[in-house]
Undergrad: 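Submitted below is the structure of interest, expressed as C-alpha cells.
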Number of protein chains: 2
Amino acid sequence: MPVLESTPQSAAVTCCGLAATPVTEDDAARLAPMFKALGDPVRLRMASMIAARPEVCVCEITPAFDLSSGTISHHLKTLREAGLVDSERRGTYVYYWINPEAIGALSALLAVE
Amino acid sequence: MPVLESTPQSAAVTCCGLAATPVTEDDAARLAPMFKALGDPVRLRMASMIAARPEVCVCEITPAFDLSSGTISHHLKTLREAGLVDSERRGTYVYYWINPEAIGALSALLAVE
DNA sequence: AGGCTGATTCGACTTCCATCAAGACAGGAC
DNA sequence: GTCCTGTCTTGATGGAAGTCGAATCAGCCT
C-alpha cells in the first residue's frame, strides 16, 4: 500500500454528502435500492411525472409509455417497494404520489455543500 | 380518464428538481445509468469512499470489501463507465477520484428547493 | 347479477448482472 | 532478463430484472 497523503476531512466539503460521512453497510443496503429504482429510464421518467404534481393517476402514466399495462404496473410497484412513491386506489382509479422523505434522503447524500 | 384537478406548476416547489422540469427521454437515458451504478450497495460504498478523499488507491478499496479483486475491478469499471469516477495508473497503483459534475447532475435532479 | 373499464398479478421468455476462479497485463525490484 | 505484486480481463454460472400476453381482481354502471 502506498503512503497516504493524509487528507481526511479536507475533502468533506469538496464534493457532497457522499463524502461527508462514510456510507455504512447498513446505509448502503437501505439507500441502494432507491438509487436502483431510479436506475431505469422508464422509472426515472415515471418518478419525474409523479413528482411534478401532488398525485398522478396510473391512467395518465400508462399512455405516456409504449409499454403494456402489466409492465407499467411492474415499474410502479418497483418504485413503491423502494419507498420512493406511495399509492392509493380511489374508486376506479389508482393514484401515485412522491415520497418526499425518500427523495430527501437521496438528495442529502448527493447534495453539494 | 378522470378529470384533472389541474395543479400544473404549483408542485414545482413541493418536491425537487425531478418535478421542476419533466425528465425527457434523452435525459432519462443519460441519467438513469448513473443512478443504476449507485444502485448497488457495494458500489454506493465505493463511491462514498472515493468521494471522501481527493483520490483513493484501489489497494485501499479492495480490503474494505469481502470480494475478489476481479469483482472489485468490475464494480469500479461500472462506476467509471457511468461517468461517476475517473481513474489513472501511477506506477504500481491505480487511483480513482470522484467526478463532481456527475454527482452535481444527479444532485440537481433530486435537490429539494 | 352481468358487463365494462382500469389496474395488478402470473407465467414464460430473454437479457442483463454480480460473482468467482483463472489467466493476462503493468510496473517495480532484484 | 526473471520474479513478485497490484490491477484488469475473460469465461462461466446462478440469479435477478424487463417485457409481454393472458388471466385475475376492483370498482363502477345499468
Side-chain angles (χ1 to χ4, degrees), chain A residues 1-5 25 28-29 31-47 49-50 55-97, chain B residues 1-5 25 28-29 31-47 49-50 55-97:
Chain A
M1 295 238 283
V3 176
L4 302 183
E5 55 271 29
E25 218 165 329
L31 296 169
M34 300 189 197
F35 283 118
K36 187 175 191 176
L38 293 179
D40 179 279
V42 169
R43 286 194 296 266
L44 188 55
R45 287 172 58 207
M46 282 181 175
M49 281 187 68
I50 295 171
E55 59 184 24
V56 181
C57 176
V58 173
C59 63
E60 298 177 69
I61 298 174
T62 302
F65 297 89
D66 194 19
L67 294 170
S68 73
S69 67
T71 301
I72 299 287
S73 242
H74 163 70
H75 282 306
L76 289 171
K77 182 181 181 183
T78 301
L79 287 173
R80 182 160 24 87
E81 288 179 344
L84 294 172
V85 301
D86 275 310
S87 67
E88 184 186 44
R89 173 182 283 274
R90 281 203 296 280
T92 305
Y93 300 100
V94 176
Y95 297 86
Y96 279 75
W97 60 90
Chain B
M1 296 236 284
V3 175
L4 303 182
E5 53 271 28
E25 217 165 330
L31 296 168
M34 299 189 197
F35 283 118
K36 188 175 190 177
L38 293 179
D40 179 279
V42 170
R43 286 194 295 267
L44 188 55
R45 287 172 58 206
M46 283 181 175
M49 280 188 69
I50 294 170
E55 59 184 25
V56 180
C57 176
V58 175
C59 64
E60 298 177 68
I61 298 173
T62 302
F65 297 89
D66 195 19
L67 294 171
S68 72
S69 70
T71 301
I72 299 287
S73 237
H74 161 70
H75 282 306
L76 289 171
K77 182 181 181 183
T78 301
L79 288 173
R80 182 160 25 87
E81 287 178 346
L84 294 172
V85 302
D86 274 311
S87 67
E88 183 186 43
R89 172 183 283 272
R90 282 204 295 281
T92 305
Y93 301 100
V94 177
Y95 296 86
Y96 279 75
W97 58 90

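So that the names make sense, note that chain A is the first sequence line, chain B the second, and so on, each numbered from 1.
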Undergrad: Just how far, in rounded Å, is P of C:dC20 from CZ of B:Phe65?
TA: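 Atom-to-atom, B:Phe65 to C:dC20, this comes out as 13 Å.
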
Undergrad: Would you check, one step at a time, whether the test side-chain contact (heavy atoms from CB on, under 4.5 Å) holds for B:Ile72 with B:Met46?
TA: CA-CA 9 Å; B:Ile72 299 287; B:Met46 283 181 175; 3.8 Å; yes

Undergrad: Grab the OH-C1' distance between B:Tyr93 and D:dC8 for me, whole Å please.
TA: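 Answer to the nearest Å: 16 Å.
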
Undergrad: Can you tell me which residue pairs pass the salt bridge (Lys or Arg N to Asp or Glu O under 4.0 Å) test with a partner in residues 76-88 of chain A, sequence neighbours excluded?
TA: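 Residue pairs with at least one partner in residues 76-88 of chain A: A:Glu88-A:Arg90.
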
Undergrad: Please name all residues satisfying side chain to side chain donor-acceptor pair (under 3.5 Å) with A:Ser68, sequence neighbours left out, ordered by chain then number.
TA: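 Counting only residues at least two positions away or on another chain, A:Ser68 forms a side chain to side chain donor-acceptor pair (under 3.5 Å) with A:Thr71.
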
Undergrad: Can you see which heavy atom on B:Cys59 is nearest to which on B:Tyr93, and at what distance?
TA: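 Nearest heavy atoms, B:Cys59 then B:Tyr93: SG-CD2, 3.7 Å.
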
Undergrad: So how far is it from A:Leu84 CG to A:Leu38 CG, rounded to the nearest 0.5 Å?
TA: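 Atom-to-atom, A:Leu84:CG and A:Leu38:CG are 5.0 Å apart.
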
Undergrad: Summarise how protein sits on nucleotides 23-30 of chain C as a single string, 5' to 3': B when a protein heavy atom is under 4.0 Å from the base, S for sugar-phosphate-only contact, - for no contact.
TA: ---SSS--

Undergrad: Starting at CG of A:Leu76 and ending at P of C:dG6, how long is that distance when rounded to a whole Å?
TA: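 Those two atoms, CG and P, are 16 Å apart.
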
Undergrad: I'd like to check the side chain to side chain donor-acceptor pair (under 3.5 Å) partners of B:His74; sequence neighbours left out, ordered by chain and number.
TA: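 Side chain to side chain donor-acceptor pair (under 3.5 Å) list for B:His74, sorted by chain: empty.
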
Undergrad: Is A:Val56 close to A:Ile61 at the side-chain level, that is, under 4.5 Å between some pair of heavy atoms?
TA: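 Yes, at least one pair of side-chain atoms sits under 4.5 Å.
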
Undergrad: May I ask you to verify if any side-chain N or O of B:Tyr96 is less than 4.0 angstrom from the OP1 or OP2 atom of D:dC8?
TA: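 It does, given that an N or O in the side chain of B:Tyr96 lies less than 4.0 Å from OP1 or OP2 of D:dC8.
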
Undergrad: Which whole-number value in Å describes the distance from B:Asp66 CG to C:dC20 C1'?
TA: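 So the CG-C1' distance, B:Asp66 to C:dC20, works out to 12 Å.
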
Undergrad: Please give, in whole Å, the distance from C:dT8 P to A:Arg80 CZ?
TA: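 Between P of C:dT8 and CZ of A:Arg80: 7 Å.
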
Undergrad: Each nucleotide N or O in nucleotides 13-18 of chain C that has a protein N or O under 3.5 Å away: list the pair and distance.
TA:
{"residue": "C:dC17", "atom": "OP1", "partner": "B:Lys36", "partner atom": "NZ", "Å": "2.7"}
{"residue": "C:dA18", "atom": "OP1", "partner": "B:Arg43", "partner atom": "NH1", "Å": "3.2"}
{"residue": "C:dA18", "atom": "OP1", "partner": "B:Arg43", "partner atom": "NH2", "Å": "2.8"}
{"residue": "C:dA18", "atom": "OP2", "partner": "B:Arg43", "partner atom": "NH1", "Å": "3.3"}
{"residue": "C:dA18", "atom": "OP2", "partner": "B:His74", "partner atom": "NE2", "Å": "3.4"}

Undergrad: Could you list the residues that satisfy side chain to side chain donor-acceptor pair (under 3.5 Å) with B:Arg43, not counting sequence neighbours?
TA: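 Only B:His75 meet the side chain to side chain donor-acceptor pair (under 3.5 Å) criterion with B:Arg43.
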
Undergrad: Please report the distance, rounded to the nearest Å, between CD1 in B:Ile72 and P in C:dT19.
TA: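 Atom-to-atom, B:Ile72 to C:dT19, this comes out as 9 Å.
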
